[in-house]
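To start, the structure itself, in structure tokens.
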Amino acid sequence: MRTYISLLTFTQQGVENVGAQGARIDDMKKAYRAAGGELIAYYPTMGQYDGVAIYRMPDDAAAARLILGTMSKGNVRSETLRAFDEDEYRKILEGLPAKSASA
């Protein structure tokens, strides 16, 4: 499973309905599971973003479908990042060309 981080901002509709956020979080957890993924953590935040979701999905297409479906409900916008665990990152680094001694 791949890991993703979504930086979420409320739309005007999301702000107007913020009292329903608890139920939306429960719905989010169900949506991740239904899409074959897992919500690892959700953090409400202060500042530029209103929340951060960290989750695992089977692939990029599944993650894109999930976040597009979430945004289509009109409560949030997302900036979504693909995150790499340490093993994945080490494999990426192993694939880098070796530096020559003269470089």
Side-chain angles (χ1 to χ4, degrees):
M1 295 260 268
R2 296 178 179 167
T3 303
Y4 300 87
I5 300 168
S6 287
L7 307 173
L8 306 168
T9 55
F10 289 132
T11 61
Q12 184 60 40
Q13 175 181 306
V15 171
E16 291 170 1
N17 298 311
V18 74
Q21 184 65 9
R24 286 198 301 259
I25 292 168
D26 293 337
D27 290 344
M28 281 175 30
K29 289 177 183 179
K30 291 175 190 171
Y32 285 104
R33 284 192 299 269
E38 168 193 17
L39 178 64
I40 298 167
Y42 173 77
Y43 298 100
T45 57
M46 298 186 308
Q48 181 177 351
Y49 299 100
D50 298 307
V52 176
I54 303 168
Y55 53 99
R56 291 190 184 100
M57 294 298 290
D59 56 39
D60 292 344
R65 277 191 299 273
L66 179 89
I67 200 63
L68 289 170
T70 299
M71 289 190 303
S72 72
K73 295 177 183 174
N75 294 302
V76 295
R77 287 186 174 72
S78 174
E79 182 176 338
T80 299
L81 312 168
R82 168 74 164 89
F84 300 91
D85 65 28
E86 183 179 343
D87 289 338
E88 290 174 307
Y89 190 58
R90 287 183 182 276
K91 287 178 186 174
I92 291 167
L93 294 175
E94 288 171 6
L96 293 176
K99 279 191 165 187
S100 66
S102 62

I need the minimum non-hydrogen distance between [X] and [Y], along with the two atoms involved.
X: A62; Y: D59; value: N-OD1, 2.7 Å
X: A35; Y: M57; value: CB-CE, 3.5 Å
X: N75; Y: Q13; value: OD1-NE2, 3.2 Å
X: Y55; Y: L39; value: CB-CA, 3.9 Å

Task: Co-membership, hydrophobic cluster, residues I40 and L81, 4.5 Å side-chain - done: yes
Open item on the list: Are I25 and Y4 connected into the same hydrophobic cluster when the rule is that any two of I, L, V, M, F, W, Y join if their side-chain heavy atoms are below 4.5 Å apart?
Closed with: yes
TODO: Measure the shortest side-chain to side-chain distance between S6 and E79 over non-hydrogen atoms and say whether it is less than 4.5 angstrom.
DONE: no
Open item on the list: So, using side-chain contact (heavy atoms from CB on, under 4.5 Å) as the criterion, who are the partners of V52 when residues are at least two apart?
Closed with: I5, L7, T45, I54
Once side-chain hydrogen bond (donor to acceptor under 3.5 Å, both in side chains) is applied, do any residues pair with [X], and if so which ones, sequence neighbours excluded?
X: T70; value: none
X: Q12; value: E16
X: R90; value: E86
X: D50; value: none

- [ ] Name all pairs fulfilling the side chain to side chain donor-acceptor pair (under 3.5 Å) condition that reach into residues 24-41, sequence neighbours left out, sorted by first residue then second.
- [x]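 Qualifying pairs: Q21-R24, E38-R56.
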With rounding to the nearest 0.5 angstrom, report the [atom1] to [atom2] distance, [X] to [Y].
X: R65; Y: D60; atom1: CZ; atom2: CG; value: 10.5 Å
X: Y49; Y: T9; atom1: OH; atom2: OG1; value: 8.0 Å
X: L8; Y: M28; atom1: CG; atom2: CE; value: 6.5 Å

TODO: Please say whether more than 12 non-hydrogen atoms of neighbouring residues, nucleotides or ligands are located less than 6.0 Å from CZ in R2.
DONE: yes
Task: Other residues, nucleotides, ligands: >12 heavy atoms within 6.0 Å of Y89 OH - done: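 12 or below, so no.
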TODO: Verify, without hydrogens or angle tests, whether T11 (side chain) and G74 (backbone) share a donor-acceptor contact under 3.5 angstrom.
DONE: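 Pair found, side chain donor or acceptor close to backbone of G74.
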